[in-house]
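Input: a single structure, listed below in structure tokens.
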Amino acid sequence: MNIYVGNLPYSVVEEDLREIFEEYGEVASVKIINDKLTGRSKGFGFVEMDEDDEAKKAIEELNNADLSGRNIKVNESRPRSNDSRGGGNRRGGGGFNRGGRY
DNA sequence: CCTGAGCGT
């Protein structure tokens, strides 16, 4: 599951995000976006989690969480690519309800 | 050193 993390402090790096999200589950990968011009961090990143349940729990807990005095925003990320033949993420995991549970 | 903007090769 792709997770968007915004409003991050410039001090935060991928390791920090990984540590934070690993508290709630197994983190597949972490990506911090850096600015093309300044080279500094843009202040947001992405976290990919294998387990959707843990991902949702992490989102619920980490959204509006206080990090270094900054209220970070954590939400489900939009698909970065829109491939033909349904290559763009189009599955039940991307939605809210999964199989009626919840 | 500083800044703030809700989406990535």
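Below, chain A is the first sequence line, B the second, and so on; all start at residue 1. Excluded from the calculations below are hydrogen atoms, water molecules and symmetry mates; all remaining heavy atoms, backbone and side chain alike, are included. Treat the numbers as computed from the prediction; the structure is a model and nothing was measured.
- Of all the heavy atoms in Asn71(A) and Asn64(A), the pair that sits closest is OD1-O, 2.6 Å.
- The minimum heavy-atom distance linking Arg18(A) with Ala28(A) is given by the pair NH2-O, 4.1 Å.
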request  = Can you check each nucleotide of nucleotides 1-6 of chain B against protein heavy atoms at under 4.0 Å and return B for base, S for sugar-phosphate only, - for none, in 5' to 3' order?
outcome  = SBBBBB

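- The distance from atom CD of Glu61(A) to atom OH of Tyr24(A), rounded to the nearest 0.5 Å, is 5.0 Å.
- When rounded to the nearest whole Å, the span between CZ of Arg80(A) and C1' of dG8(B) equals 7 Å.
- Put simply, CD on Glu14(A) is 12 Å from P on dT9(B), counting in whole angstrom units.
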task = Could you check Lys73(A) against Asn63(A) for side chain to side chain donor-acceptor pair (under 3.5 Å), going step by step and ending with a plain yes or no?
result = CA-CA 5 Å; Lys73(A) 272 72 178 70; Asn63(A) 189 29; 5.2 Å; no

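- Look at CD on Glu48(A): it is 13 Å from C1' on dC7(B), rounded to the nearest Å.
- When the shell of 6.0 Å around NZ of Lys42(A) is examined, it contains more than 12 heavy atoms from other residues, nucleotides or ligands.
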